[in-house]
Amino acid sequence: MQNKLKVGFFSFTGCEGCIMVMIESLNYKYAEWGSLLEIKYARALKKKNELDGDGGLDVAFIEGAISTFKEENLLRRIRKNAKKVIAIGSCAANGAPSSQRNNFDEKTLAEIKPIMERFGHKEKVTPIGEHVKVDGVVNGCPMDEAAFVKAVEDALLEFGIRKKSEV
Ligand code: SF4
């Protein structure tokens, strides 16, 4: 049995406020989680990040909506490499508030068209569930911290890293 939960934290289109909540939670959970989590991908926490190889990820926590073709491709790659995908925050779960530009009027859309073309933006900003299977959601904007902590703790039990008797 593996002794650490392999996790990744990914940010797509959003303000990265949900990742900030995750970092805040480490202020009081790291002493406990440090020996239980193998953080393989988290740009906010480390310089060297891995997505492929070594059996991939147990759980990918994903913040942000999908607004570019590049993001869509990376999301599909993450899904292939992760046993479980959890959307963290409302941008990932339902698109908003990052999806505001879906409601722009024609004049505003014409103004931003050069930027959208230059950076490979898709016509619509969409939640991650429109592209890949999502196994769980932590709601909120930013995400609810207690619900995020519970999602990590549930995964530690589900993947057998920790036994119920140890909780
Ligand atoms: S859900 Fe809210 S806090 Fe999280 S990335 Fe989107 S805008 Fe930021």
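This structure is a prediction, so every number in the text was calculated from the model and none was measured. Whatever order the structure lists them in is the order used to number ligands and atoms, beginning at 1.
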Would you please name every residue forming a salt bridge (charged side-chain N to carboxylate O under 4.0 Å, His left out) with [X], sequence neighbours left out?
| X | result |
| --- | --- |
| Lys48 | none |
| Glu106 | none |
| Lys70 | none |

The test is side chain to side chain contact (heavy atoms under 4.5 Å, CB included); show your working for Val85 and Lys133 and say whether it passes. CA-CA 8 Å; Val85 166; Lys133 177 174 169 279; over 6 Å; no
Sphere of radius 2.8 Å around atom 2 (Fe) of ligand 1 - protein N, O or S atoms inside: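 Short answer, with waters excluded from the count: Cys141 SG.
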Going hydrophobic residue to hydrophobic residue with side-chain gaps under 4.5 angstrom, can you get from Val125 over to Phe10?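 Per the 4.5 Å side-chain linkage, Val125 and Phe10 are not co-clustered.
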Contacting atoms of ligand 1, where contact means under 4.0 angstrom from a heavy atom of Glu63: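 Those of ligand 1 that fall under 4.0 Å from Glu63 are 5 (S).
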First locate atom CD1 of Ile78, then atom CD1 of Ile128, and finally report the distance between them rounded to the nearest 0.5 Å.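 Separation between the atoms: 8.5 Å.
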